[in-house]
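First up is the structure itself, then whatever we jot down about it.
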Amino acid sequence: MKNTTDTPHRTAVWLAAAAFLLPALVVMLRAPRVPYADQWRFQAHLLSTPFPQNVMAADNGHHELLPSLVRLAELQWLHGGQWLQISMGIVLLLATLALGWRQLAALPSPQRQAAGLALLLGLCWLGNQRVLGHGNETVHAYSVTALLLAGLHVLGQRLRPGAGAAGIAALCGFVAAFSFGSGIATFAAFFPMLWLTRARPAAWATLSFGLVLTLAALQLTGDSTGALAFAPLSWISSWLRWLAGPWIHAVWPALDPALTDRLPHALGALLSPLASAYDDRFGPVMLAWFPHIPIALAGLAALTWLLLKAWQAPNTPSLPAQRLGIGIALFAAATGALVAVVRDAYFQTYPDQLLAPRYLVWSSLFWSGLLLAAVARASSPRRALSLILVVALLLLPSQVWTAKLAGSMRQAAVHTAVAATAGVVDRAAALGENVPAEIATALPLQRQAQVEMFTWPQARWLGRTPPSEPLAVRDLQVEAVDNMLETPARRVRFATDAAGGDARLLLADTDGVARGLAVPDPGAGTDRWIGWMEGGDTTPPQAMRMPE
């Protein structure tokens, strides 16, 4: 007789999966279609350096051959626009989830669903919005995760893998290392799999050869990390705090008085005493050691225990799934150690960056892997389902405010790109992670190649007189701005009933010549627009639609 006692739990698991997967896909699809952050620097390099040097060179310690090829193809064949990167990122994320789901096949159905949700939480929690919401990040991040899970699959599904399986894993590690800096950490997951599966000596020799070959290739193609100072105590402290990052971000508004002030009044009033007490006792949450270090130590202790238990029981049906979770956690732990060592000097100067959102895509996998392994090992399917649902419930509130962070990043990217198209980098605007010097370098190259914003129909009318009638506007404000590009410029705000969304309007001076662009400003109101223009004339400009 079919057991239906866990049906509500299983339904809850599927609902939880939808609550994390669907918002992640929405954030990815709504990623800005303009350059943001490192993309300005990448595009300047790709457009100014001949092939293949433009895709082979290391950048800030990262070798990104595969992502750079995607970026170059997008610029050369699609004239930018981010669609290729966004599409590739989605495909790679779904491929990672599919590879993980396949490795859970030996688990009973309830546990398989719970373990699948554990993996999904690590990849699709919106705490990862910095990567999910930025097409440039998704290709390198999810190419590494897909290659990691592919390598774990060939090594962890059977006992005593041989040279063939190790060779495939080594190839995955090689390609991952040339996809992003964290890719080399895949080997830190692959070697323990050989130990757990009692691999043949030929497998150890093959994987070792693959690691040596990968390190040599990385060195031969250029290493920009620079010399490292020996500081083991600093490394360990940074590593432990880095590992705890996801949990700190999940409760950040409850521990930061500056954020509790922005919460709805009732919730802010409830959390404000806690945040103030924490700040008084431990200091700013992004610089504190508690509860970061105890949380990380607990996680590492759990990983050690799971690793030993997996070694002691090599033939249990759930072991392939346990190995998958352990491998993911080991990879993330090794990535954190790599970040702590290589970026130590940077963190000494900018200590708040240790827990920056861009690292959560990796540290989230540490806890996701632990959770997956624990769920797979659970003796009771009901217990496994309950555990995963509790974690999902704890993370659910953070889905709301991290989604808002993704929206603010998108707005900063769009506003910066619109202003830059008009020749303005507004010092007073929220630039996010955009670097003015990198924008200034990339702009003339983009204009010459007619890529990115310079493919917009509106951009082609700048400096010309469009045959359009001015729109009716109200509440028009014109302000001179401090332009980081060192030319006179102005910011324009107004309200109009013109269609919003992703629309753009031309801004023309009284002589009818278009000298700027405007876009909707949803943060100021549904009918509000903001734009930038070159020139110092503060005479009210005209807003125009594209000529028909």
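This one's a predicted model, so the numbers in the text were calculated from it and none came from an experiment.
Classified by interplanar angle (parallel below 30°, tilted 30° to 60°, perpendicular above 60°), the ring pair Phe230/Trp235 is perpendicular. Between Phe180 and His62, the ring planes are parallel. Angles under 30° get that label, and only those over 60° would be called perpendicular. The aromatic rings of Phe191 and Phe187 are tilted relative to each other, their planes meeting at an angle between 30° and 60°. Ring geometry for Trp252 versus His249: interplanar angle over 60°, hence perpendicular rather than tilted (30 to 60°).
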Below 3.5 Å, can you tabulate the donor-acceptor pairs from side chains in residues 206-217 to any protein atom, sequence neighbours excluded?
residue: Thr206; atom: OG1; partner: Ala202; partner atom: O; Å: 2.7
residue: Ser208; atom: OG; partner: Trp204; partner atom: O; Å: 2.7
residue: Thr214; atom: OG1; partner: Gly210; partner atom: O; Å: 2.7

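A donor-acceptor distance shorter than 3.5 angstrom exists from the side chain of Ser408 to the backbone of Leu405, with no hydrogens or angles considered. Of the possible polar contacts, none joining the Arg383 side chain to the Ala378 backbone as a donor-acceptor pair under 3.5 Å is found. Between the side chain of Arg343 and the backbone N or O of Val341 there is no donor-acceptor pair closer than 3.5 Å.
In the model, Ser234 has a side-chain atom that pairs as donor or acceptor with a side-chain atom of Gln348 under 3.5 Å.
Within the 4.5 Å cutoff, the side chain of Asn136 has no heavy atoms near those of the Tyr36 side chain. In this structure the side chain of Ile90 reaches within 4.5 angstrom of the side chain of Leu29, judged on heavy atoms. Put simply, the side chain of Ser364 reaches to within 4.5 Å of the side chain of Asn128, judged on heavy atoms. Side-chain contact between Leu370 and Phe366 is present, with at least one heavy-atom pair separated by less than 4.5 Å. Proximity of Tyr142 to Val361: side-chain heavy atoms (C-beta onward) are separated by under 4.5 Å at one or more points. Put simply, the side chain of Ile326 reaches to within 4.5 Å of the side chain of Leu303, judged on heavy atoms.
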Discussion item. As a quick check of understanding, evaluate side chain to side chain contact (heavy atoms under 4.5 Å, CB included) for Leu126 and Leu395, giving each step before the final call.
Written reply: CA-CA 9 Å; Leu126 290 189; Leu395 289 176; over 6 Å; no

Worksheet item: Can you list the steps and then say if Trp125 with Thr402 is a side-chain hydrogen bond (donor to acceptor under 3.5 Å, both in side chains)?
Response: CA-CA 9 Å; Trp125 171 52; Thr402 49; 5.0 Å; no

Worksheet item: What do the steps show when you test Leu307 against Trp195 for side chain to side chain contact (heavy atoms under 4.5 Å, CB included), and what is the final call?
Response: CA-CA 10 Å; Leu307 191 62; Trp195 178 67; 3.9 Å; yes

Item to complete: Could you walk me through whether Trp305 and Arg377 pass side chain to side chain contact (heavy atoms under 4.5 Å, CB included), step by step?
Response: CA-CA 12 Å; Trp305 183 81; Arg377 182 177 170 75; 3.3 Å; yes

Item to complete: Could you walk me through whether Ile248 and Met286 pass side chain to side chain contact (heavy atoms under 4.5 Å, CB included), step by step?
Response: CA-CA 8 Å; Ile248 302 306; Met286 290 301 158; 4.2 Å; yes

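Taking every heavy atom of both residues into account, Leu155 and Thr197 meet most closely at O-CG2, 3.4 Å. For Arg112 against Leu104, the heavy-atom pair with the smallest separation is CG-O, 3.4 Å. Val154 and Gly151 make their closest contact through CG2-O, 3.2 Å (heavy atoms, listed as atom of the first residue, atom of the second, distance). Across all non-hydrogen atoms, the minimal contact from Ala332 to Leu243 is O-CD2, 4.5 Å. In plain terms, the two heavy atoms of Gln111 and Pro381 that are nearest each other are CG-CA, 4.0 Å.
For Asp38, the salt bridge (charged side-chain N to carboxylate O under 4.0 Å, His left out) partners two or more places apart in sequence, or in a different chain, are Arg41. Shown here are the side-chain contact (heavy atoms from CB on, under 4.5 Å) partners of Pro294, two or more places apart in sequence or in another chain: Trp289, Phe290. The side-chain contact (heavy atoms from CB on, under 4.5 Å) test applied to Pro273 returns no partner, not counting sequence neighbours. Thr138 pairs by the side chain to side chain donor-acceptor pair (under 3.5 Å) definition with nothing, not counting sequence neighbours. When the side-chain contact (heavy atoms from CB on, under 4.5 Å) test is applied to Ala288, the partners found at least two apart in sequence or on another chain are Tyr278, Phe282, His292. Remark: Arg71 pairs with Glu64 by the salt bridge (charged side-chain N to carboxylate O under 4.0 Å, His left out) rule, at least two apart or across chains. By the side-chain contact (heavy atoms from CB on, under 4.5 Å) test, Ser179 pairs with Leu66, Pro67, Ser143, Val144, Leu147, Val175, sequence neighbours left out.
Annotation: the span from Asp344 atom CG to Leu354 atom CG amounts to 10.0 Å, rounded to 0.5 Å. Considering CG of Leu365 and OG1 of Thr335, their distance stands at 8.0 Å, rounded to 0.5 Å.
Within the structure, salt bridge (charged side-chain N to carboxylate O under 4.0 Å, His left out) contacts touching residues 118-132 (residues at least two apart or in different chains) are Arg130-Glu137, Arg130-Glu433. Counting only residues at least two apart or in different chains, ring pair (Phe, Tyr, Trp, His ring centres under 6.0 Å) contacts with residues 149-175 comprise Phe174-Phe178. For residues 156-177, the set of pairs meeting the side-chain hydrogen bond (donor to acceptor under 3.5 Å, both in side chains) definition, not counting sequence neighbours, is empty. Each side-chain hydrogen bond (donor to acceptor under 3.5 Å, both in side chains) pair with one or both residues in residues 83-93, not counting sequence neighbours, appears once here: Glu74-Gln85, Gln82-Gln85.
Residue Val339 is tested with Trp362, Tyr346, Trp239, Phe347 for a side-chain contact (heavy atoms from CB on, under 4.5 Å); the sole match is Phe347.
For Trp14, the CH2 atom counts as loosely surrounded, since its 6.0 Å shell holds 12 or fewer non-hydrogen atoms of other residues, nucleotides or ligands.
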